[in-house]
Amino acid sequence: MKTLLVFILLFCFGSAEAQNKSINIPPESGMLPSARIACGPWIQAVGEDEFTVVWTTTIDAAVWVELAPNDGTNFYHEERPKYYHSEYGRRLTGKLHRVRITGLEKGTTYRYRIFQQAVLINEGNKRVVLGEGFGSDIKDKKPYTVTTLDRDKNEVNFSMVNDIHGNDSIFRQLTSGVKNQPTDFVVFNGDMLTQIESESQIIDGYLNSAAQLFASQIPFYAVRGNHENRGAFSYEFFNYFPSPNNNAYYSFRHGPAYFIFMDCGEDKPDSDIRYYGLSVSDQMREEEAKWLKQVVETKEFREAPVKIVVLHMPPFGNGWHGMSEINRLFLPVLNDAGIDLMLCGHTHKHSFVEKGTANNNFPVLINSNLWRTDVSITSSGIRAKLVDASGKVLKTYSINK
Ligand SMILES: [Fe+2]
């Protein structure tokens, strides 16, 4: 009984200590709490003239990003321009921060630093007090860098993972090396979680590892799989992963390739009991098909030497409603658009569906949930290399133009 009591006291004391640590009180600021980085940063929505930095803090904060050219000068050489998390002319506070930086040059590397100030007191119109600013370390570590997209680049290299379903261990193994090879960006092609019920599921499932391993410097584009539609926190998906056009589907040119990132919607009919009457995937896919028809008519798309589509669910009618709708709505448009390669996941099994196999006018590469696909594109063709978690090359494909 005595031992049990001692154990309970130790446990309680330990918890209190952990709580004190979690509010992160540095001695230099007295007893005032400071906002520190909880997760991130991770780079999103990179374009030719912009990118967005996202991160979370331990407590509510007001934040900014400082930007410097990659010109060899000390970051402290001069005051750097500040970019804030703001909407409609006012800075936002909270624990999740998105700072969009625009007006940049294409194909250019920039250095950046993130800052946060704790919200010490927020009494509305009466009084708001912010704490001192804490920035990412640029004294002992190099500042983060990010490179904007560039349509004039000769070669594009990117890596894709999918169907991780919260298996952080396999995610780490698959992505730990992407920063050591030429990687313009990483693609998360859906079903990174089975459902999204909380922020911690996203962070613990793969995001913290992504930020640690590459995403503070190498952007990733996240497209939803069917599973990212599920769970109470799934509505927050695009707050963590803002897209280039604030929509679930988007497109951009980089190097010789034009990329169309598509959203697959749910796999079952919207009336399925598990969607509780809240799914309108059919309507979204109809709207998406209209958008797709417009995209493939643009001069920018038609002039691109290589055309790539990223979509979680393959476009083959397999009897499931979602894939049948993708087959009905998207495939005819893409078949007439001169697509060179579609990249998919969903089946958890690798296959390469040759052009003409299932009424598809382009090849479809489906990546395994346990593999990473590395893609290299020049105007003369596409090379794809599929590797397992140990880095062993399992398959290669070449598509010549
Ligand atoms: Fe899926």
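As the structure lists them, so they are numbered: ligands from 1, and atoms in each ligand from 1.
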Would you mind telling me which of Asn226, Asp267, Asn369 makes a side-chain hydrogen bond (donor to acceptor under 3.5 Å, both in side chains) with His346?
Asn226
Does atom CD of Glu79 have more than 12 heavy-atom neighbours, drawn from other residues, nucleotides or ligands, at distances under 6.0 Å?
no
What's the shortest heavy-atom distance between Gly107 and Thr147, and which atoms?
C-CG2, 4.2 Å
For Tyr221 and Phe241, run ring-ring contact (aromatic ring centres under 6.0 Å, His included): C-alpha distance rounded to whole Å, both residues' side-chain angles, the deciding distance at 0.1 Å, then the answer.
CA-CA 8 Å; Tyr221 297 91; Phe241 310 119; over 10 Å; no
Near the Fe ion (ligand 1), which protein N/O/S atoms are found at less than 2.8 Å?
Asp191 OD2, Asn226 OD1, His312 NE2, His346 ND1
Is the charged tip of Lys307 near the ring of Phe301: under 6.0 Å from the six-membered ring centre and within 45° of its axis?
yes
Per the salt bridge (Lys or Arg N to Asp or Glu O under 4.0 Å) rule, which among Arg151, Arg253, Lys153, Lys106 passes with Glu48?
Arg151
